[in-house]
Amino acid sequence: MTSVTPMERIWFIVNLIPHGSVLPYGIVADLAGLPGRARYVSRALKLAPDSLALPWHRVINSQGKISFAKDTEPYRQQQELLRLEGITVNAGKISLSQYQWKPDLATLVMTLPF
DNA sequence: ATCCTGACTCAAA
DNA sequence: TTTTGAGCCAGGA
């Protein structure tokens, strides 16, 4: 009996976000089957082992903004990683209508380990 | 159990 | 459009 923990579900979803795309915390939670737990997503990313090499920078908040204070190193790092994928931060925001990943749900569900 | 914290969200102002 | 405030929900002290 293999059990997939809530945190592992989140890591799984984040790992699926394509290069050049982003996804809000709340949507990641929804796709992971954990509606209403956006804050849990941020915690899961913080605790994720580096060995997983998750594309954590592709997760932003629902307002299209990076959720780190803009005068911090993590903020600058995330902004740079996104820039390398062709995603620009204008006036502190990222265009969700332009970059948000919209997976084919029917296909996605079949790939889920949960 | 109680209180505080946070890589969140939504609605109201 | 930006800022607040209340709501939210695990974790940790």
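Protein chains get the first letters and strands the later ones, always in sequence-line order, with residue 1 at the start of each.
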Enquirer: With heavy-atom distances below 4.5 Å as the criterion, would you say the side chains of A:V4 and A:W11 are in contact?
Expert: no
Enquirer: Check the distance between C:dA10's P and A:R9's CZ and give it to me in whole angstrom.
Expert: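 Interatomic distance, CZ of A:R9 to P of C:dA10: 13 Å.
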Enquirer: Less than 4.5 Å apart, side chain to side chain, heavy atoms only: is that true for A:P24 and A:Q100?
Expert: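 In contact.
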Enquirer: Which pair of non-hydrogen atoms, one from A:Q78 and one from A:I60, has the smallest distance, and what is that distance?
Expert: NE2-CG2, 3.9 Å
Enquirer: Between A:N90 (side chain) and A:K93 (backbone), is there a donor-acceptor pair under 3.5 Å?
Expert: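 Flag not set: sc A:N90 to bb A:K93 has no pair under 3.5 Å.
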Enquirer: When the distance from NZ of A:K65 to P of C:dT1 is rounded to whole Å, what number comes out?
Expert: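 Nearest whole value for this atom pair: 12 Å.
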Enquirer: Report yes if some heavy atom in the side chain of A:R37 is under 4.5 Å from a heavy atom in the side chain of A:Y25; otherwise report no.
Expert: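 Side chain of A:R37 against side chain of A:Y25, heavy atoms only: no contact under 4.5 Å found.
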Enquirer: Within this structure, what is the CE-to-C1' distance between A:M7 and C:dC9, rounded to whole angstrom?
Expert: 13 Å
Enquirer: Which protein N or O atoms sit under 3.5 Å from an N or O of nucleotides 7-12 of chain B?
Expert:
| residue | atom | partner | partner atom | Å |
| --- | --- | --- | --- | --- |
| B:dA7 | OP1 | A:K46 | NZ | 3.2 |
| B:dA7 | O4' | A:S67 | O | 3.2 |
| B:dA7 | N3 | A:Y25 | OH | 2.9 |
| B:dC8 | OP1 | A:S67 | OG | 2.4 |
| B:dC8 | N3 | A:R39 | NH1 | 3.0 |
| B:dC8 | N4 | A:R39 | NH1 | 2.8 |
| B:dT9 | OP1 | A:Y25 | N | 3.4 |
| B:dT9 | OP1 | A:G26 | N | 2.8 |
| B:dT9 | OP2 | A:S62 | N | 2.8 |

